[in-house]
Every structure is written in structure tokens, then in C-alpha cells.
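In each ligand, atom 1 is the first atom listed, and ligand 1 is the first ligand listed. Please read all numbers here as calculations on a predicted model, not as lab measurements.
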Amino acid sequence: MRIIRAKDYADASRKTANIISAQVLLKPDCVLGLATGSSPIGTYQQLIRWYEKGDLDFSQVRTVNLDEYVGLGADNEQSYIHFMRENFFDHINIDPRNTHLPNGLEPDARHQCAHYDSVIHSLGGVDLQLLGIGHNGHIGFNEPAEEFVKGTHCVELTQNTIDANARFFENEDQVPRKAYTMGILDILQAKRVVMIVTGEGKAQILKDAFWGPVTPKVPASILQLHPDFTLVADEAALSVAKDLL
Ligand code: F6R
């Protein structure tokens, strides 16, 4: 595990964008695994700025996103497909046919999960997976559990995640209770994994995940075993672990 220390959110976003930018330059048709949430927004904004300056070309890049709410489609502003278009895809020269997310409107969970894993496989796997971390240690929507789930699956969101995500909805009742998410093996099979974590609110879970035992009760802890894992974290997020660095 490699740790890149950043001053604050803006600095962490630039550093994360630098890593993704290098990936795109080195392999123009790379497969990027992408995340939603507040953590990667600054990274996407930086990548958009470099694209606008002519420094980056996404025309051959392929993407797979980690997750999507069950029941939400592109016309719903809270869907992750909508988020990705609004925050990234609509501002760069990526071919929409090269972008992939689980289909939240597909009611047949088994079919959708098997299909999504076959999409990842057909792309040749993920070259670089971008992650955030939930307050409960989730990655994608792999919630704390008794065991790790390998492939794409349908999850019941925990109350902790529903509470955390309620800020994006009018009220908590509107937060979907289920989501499709890539599994832990899908994430571990990415050739390189980069996680961006900022803010004091994530400091304790960051310490638990990367300076504690590897356990499905803290799903992100499995990344301790990944051969090419980079954590980009700001000072606030590292404040609880700082004596262990
Ligand atoms: C989003 C995702 C989630 C988030 C996590 C952190 O696609 O997979 O695991 O990365 O919930 O969310 P933020 O960044 O909003 O704190």
C-alpha cells in the first residue's frame, strides 16, 4: 500500500487526477473503474480542465462504474448514471457507448449481476479502479458483512449508508434500499486501485480499514492485500492514523 499525503480536498483531487491522467496517457484505450459520491467530484473536475486544455484525450477510454441504485434510471437525478454524465462524461470526449454502469431499471437481479460481470470481463478487466470509502468502510456498495461477496450482486443498503446518502435526496424515504454493486473480487482484480479519502469524518474508518485487521466487517480492509493500492488522503482524514504513518 502506497500513501500519498495531501493538504486538503483540492490537493487530494489534483493528485488523484494526476494518477488517472498518467494511466490515460500511457494506455489511451484503458479501462477505468469509476466511482460516484462527493469524494471523486474534484478529481473529475480536474480531469475535465486538462481535457479542455487539450492535455487529455478520452476518445478511446472505456469505463465501468462500481454501482447503481436499484429502481433508478438515467432520468432520475439521483441515479449514478445521471451523476456520471453530469459530473464527467458530458464534459469530455468519451464515447457514451464505452461507458458502463449496472442498469438500475433491470428488475432481474441475477441476470443484471451476471451481465455486468460479463461486461467487465469482455473489456479485459479494469486497469485502474477509483474508489471512495463509506463511513462504515464500504467500497462500492459492499457493506460490512460476515463474508466478502466476490462478483456483482444486489445489496440491501445499511441504515448507515441510507443516512449518509440521504443528503442527496429530498428526504430519507426517497433513498433506494437496494443497489447493484461490483463485488470485492471485481475490485481486487483491477490492476491498480486508487482511493481518495478526505475530511475528519473519515479519519477513524480510514485507520480501521488500513491499520486494522482484514475483515469483511470493514470491507475496504481487503485492499491491504492488493499488490498495487494507492491511498490519496488529506491531513484531516489521516489525523487518527497519523502516529502510525
Ligand atoms: C460510490 C461508491 C461509494 C462511495 C462512498 C463514499 O460509487 O461506490 O462507495 O465511494 O460511499 O462516498 P462519498 O465520497 O460521498 O463520501
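If you check each of I41, D67, L66 against atom 7 (O) of ligand 1, the one with the closest non-hydrogen atom is D67.
Atom numbering of ligand 1 starts at 1 in the shown order; those under 4.0 Å from a heavy atom of R167 are 15 (O).
Ion pairing between a basic and an acidic side chain is recognised when a charged N comes within 4.0 Å of a carboxylate O; D90 and R85 show no such pairing.
Nearest protein heavy-atom neighbour of atom 1 (C) of ligand 1: T36 OG1, 3.1 Å. At the top of the distance list for atom 11 (O) of ligand 1, counting protein heavy atoms only, stands H138 NE2, 2.7 Å. With respect to atom 10 (O) of ligand 1, the closest heavy atom belonging to the protein is G132 CA, 3.4 Å. Of the protein's non-hydrogen atoms, the one nearest atom 6 (C) of ligand 1 is I133 O, 3.3 Å. For atom 14 (O) of ligand 1, the closest non-hydrogen atom on the protein side is S39 OG, 2.5 Å.
Put simply, the side chain of C30 does not reach to within 4.5 Å of the side chain of R62, judged on heavy atoms. For the pair M182 and Q129, the minimum side-chain heavy-atom distance is below 4.5 Å. Using a 4.5 Å cut-off on side-chain heavy atoms (C-beta onward), L188 and I184 make contact.
Heavy atoms of M182 stay at 4.0 angstrom or farther from ligand 1.
If you look at K202 next to ligand 1, the close heavy atoms, those under 4.0 Å, all belong to the side chain. The proximity of T181 to ligand 1, defined as any non-hydrogen pair under 4.0 Å, does not occur for either the backbone or the side chain.
Side-chain polar atoms of H138 and T161 form a donor-acceptor pair below 3.5 angstrom. Side-chain contact, E143 with N136: a donor N or O sits under 3.5 Å from an acceptor N or O.
Polar contact with ligand 1: present for G140 (N/O pair, distance under 3.5 Å). Annotation: Y80 places no N or O atom under 3.5 Å from an N or O atom of ligand 1; distance criterion only.
Every ring pair (Phe, Tyr, Trp, His ring centres under 6.0 Å) that F88 has, sequence neighbours left out, goes to Y44, F58.
If you look at Y80 and Y69, their ring centroids are closer than 6.0 Å.
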